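Bear in mind that the values here come from a model prediction, so they are computed numbers and not experimental data. Order of the sequence lines fixes the chain letters, A, B, ..., with proteins taken first and strands second; residue numbering starts at 1 for each chain.
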Amino acid sequence: MAQTKTAGAFDVRYIVAALMGTYGVILTILGLVNTSDAELEAADGFNVNLWAGLGLLVFAAAFAAWARLRPLVVREVTDEEREAAGRPADDR
Amino acid sequence: MHLAADDAFRLNADFFDYTIVALYFAVVLGIGVLARRQVSTSIDFFLSGRSLPAWVTGLAFVSANLGAVEVMGMSANGAQYGAATFHYFWIGAVPAMLFLGIVMMPFYYGSGVRSVPEFMRRRFGTGAHLVNAISFAVAQLLIAGINLFLLATIVERLLGWPLWVSLIVAAVVVLSYITLGGLSAAIYNEVLQFFVIVAALLPLTIVALHKVGGWQGVKEKIQPGPEQLSSWPGTDLTGIENPVLSVIGLVFGLGFVLSFGYWTTNFVEVQRAMASDSPSAARRAPIIGAFPKMFIPFVVIIPGMVAAIIVPEIAALKSGDEGGAGGATYNDAILLLMRDLLPNGMLGVAIAGLLASFMAGMAANISAFNTVFSYDLWQQYVKKDRPDGYYLTIGRVATVGATVIAIGTAVIASNYDNLMDYLQTLFGFFNAPLFATFILGMFWKRMTPTAGWVGLVSGTLAAVLVAVLSDGTLGSLSVGVLSLSGQGASFVAAGAAFVVDIVVSVVVTLMTRPKAESELRGLVYSLTPKEDFADPDEKNLPWYQSPVKLAGIALVIVIFLNVLFR
């Protein structure tokens, strides 16, 4: 029989959200406290770190929310089972 | 590509940039360790237990292709040729990805094969299988070498490490996560890489457009003139002066033979879709991948086009002022843009994104190589009927061997001035004949086993012959009898391989004995009952999960994009 379990922390969406969120925090802080005039000048007055950081934070939050609301179910399917027809339809 | 070690410019990375890059590598290695816990049987290791949802395999599908050549090569092309570079995505990729999802994938997934060479064995027997498996394995090692060389050269340029240190460090990192976790880790990392690459390139594109005054600014300032904003007929890109022939070259050479050959028979790509959890998810993977694929050019080509306007070195290069370029080439466009526009912090994300993209290509080559080596060569011709764990061990040994060999092929690749031409030529050798044999074998039930391998060999020989006769395509091996070079030569070589393969296969088929029809069920279109391909769940799927409807939407969007940027 096919075993099912949720992927949990191994869900790639949590990994993506964690990395992007961490980058977001670092960039936002850098944008707030560590932006030199030369850097602002280089991008025509656009605070790149701040905006990119905020964008990453929003993205990470959305991804984590998606992973939480729709957990990934991992089925461990063997070859024999794959050949047998009636697999349960699951919404992925 | 000119990537010499003595180049003047370096990116000014600081502590925060290094922290961001280090975080990325920590997560990549962490995924390998996590994935290892889930690896139990060899089917798990090689095809991720066929348990991945379609959006994951779809992104991995694009990311496996979003390697060094894609990011550096396409932004360079954008800087040099402008909007004609869009053809590599909208003509040279998306249609083939949709074709793979709709027509080819049911064959691969439905027949339960684990690799493309295995499909060849069942359709044509061991002759074609052996030829294909060996040529595929060789091609992967050569291409892994290109990716490794670019990865190491960029590390050298960004961080100032010597090339040989960069090569070994890069090889060790790629090796550790593949051996630790197999394809599961590779696919998960590809998904992660996709987002890191986008997080790197999207802000860069926005800042670059902001700096130049938006798309309007690009329109007004692009040099040498507005023809750089039209993708058709692309005479600069193809090097074919006649616009009609140029369009034919683009559609047949790039759009049909090279692109269909690459996307439909390249196991690096197909393997990702085969890790899906159902036939319809396998079909969806390349189709879902087609959506990000059609928008990638905006974050790759547009920065290149802007770099040619606002980066002094690239602008000088484009106006023919070699002195003002200061040794920079078009390949440096995106790096110079990062140097000029990004503050520390965002720079680190951009470096992590580039490193991610360069690792993606190599990891994909190595994992495809180890599947073909263990199942198609070792199990088939060397040691049959061993327990599952034996082949798993062979797979891990093959991965280590391939990585060591890739350091060697990286040294070969370092001898080429233009790696993009080299890569396209390799695709012509290996993918174009394979595609011809595939298409003929799938739709023509009479095609014989002998025709299978003779066609493949003669197609490859035809492409090699064109490359040898052309001007500099194979370095000093090319004699220059045909006045073709660069991209033009690789389009013609691929076309020759395709035509010769078809002609030879037809002639040989008419002289030899075909396989019994009963053996070809599931392998030839006309001999396979429709219900063999059908996923019983498919008609219950909502529209956004139906492969055919999704492909229709993708096709409409890509036609619209072609019209918009004509």
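- Neither the backbone nor the side chain of B:Phe194 comes within less than 4.5 Å of any heavy atom of chain A.
- Using a 4.5 Å heavy-atom cut-off against chain B, the contacting residues of residues 49-62 of chain A are A:Asn49, A:Ala52, A:Leu56, A:Phe59.
- In terms of heavy-atom pairs under 4.5 angstrom with chain A, the leader among B:Val27, B:Ile20, B:Val349, B:Leu342 is B:Ile20.
- You'll find the side chain of B:Ile206 stays beyond 4.5 Å of the side chain of A:Val48, heavy atoms only.
- Residue pairs meeting the side-chain hydrogen bond (donor to acceptor under 3.5 Å, both in side chains) criterion with at least one member in residues 341-356 of chain B, sequence neighbours excluded: B:Asp17-B:Asn344.
- Expressed to the nearest 0.5 Å, how far CZ of B:Phe195 lies from CG of A:Leu19 amounts to 11.5 Å.
- Partners of B:Tyr18 according to the side chain to side chain contact (heavy atoms under 4.5 Å, CB included) rule, which considers only residues two or more places apart in sequence or in another chain, are B:Ala13, B:Leu159.
- Taking CZ from B:Phe16 and CG from A:Leu30, the interatomic distance works out to 5.0 Å, rounded to the nearest 0.5 Å.
- Of all the heavy atoms in B:Val196 and A:Met20, the pair that sits closest is CG2-CE, 3.4 Å.
- With a threshold of 4.5 angstrom between heavy atoms, B:Ala26 does not approach chain A through any atom at all.
- With sequence neighbours excluded, the residues forming a side chain to side chain contact (heavy atoms under 4.5 Å, CB included) with B:Leu337 are B:Leu204, B:Ala208, B:Pro303, B:Ala307, B:Ile310, B:Val311, B:Leu341, listed by chain and number.
- B:Leu23 places a side-chain heavy atom less than 4.5 Å from the side chain of A:Tyr23.
- For B:Leu202, no part sits under 4.5 Å from any heavy atom of chain A, backbone or side chain.
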